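To keep things clear, I will list the structure first and then write my remarks on it.
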Amino acid sequence: AAELRPVKPGVPAKPACLSAKEGCPGWEAYSFNDAVKAYNLQLEAFRPMAEAYVKALNAYVKASADYAQCEVKTLQ
């Protein structure tokens, strides 16, 4: 099941100039902004995959509990 687990996208690295008093040069600010936008799109794609994975895990847990209950009944 681990191979089915979706991988959450990595957060883009903040440029050091972001914390500097003088800020970032335009190109670097635009680059970071583009990276954040791309990250947000990746997160949008990740969410339904993560929800489907959780749904599959919950179904597995339920099936396991149902099986265990069946086994218990055979012992009674």
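For clarity, every value in this text was computed on a predicted model and none was experimentally measured.
How far CZ of Phe46 is from NZ of Lys8: 6.5 Å, rounded to the nearest 0.5 Å. Here the straight-line distance linking atom OH of Tyr39 with atom CD of Glu44 works out to 12.0 Å at 0.5 Å rounding. Here the straight-line distance linking atom SG of Cys70 with atom CG of Leu75 works out to 10.0 Å at 0.5 Å rounding. The CG atom of Leu57 lies 8.5 Å from the CZ atom of Arg5; values are rounded to the nearest 0.5 Å.
Annotation for Phe32 and Pro12: closest pair CE1-O, 4.1 Å, computed over non-hydrogen atoms. What you find for Pro15 and Cys24 is that their closest heavy atoms are CG-SG, 4.1 Å.
The residues Lys55 and Glu51 are annotated as not salt-bridged, no charged nitrogen and carboxylate oxygen being separated by less than 4.0 angstrom.
Taking hydrophobic clusters as Ile, Leu, Val, Met, Phe, Trp and Tyr residues chained together by side-chain heavy-atom distances below 4.5 Å, Val7 does not share a cluster with Leu43.
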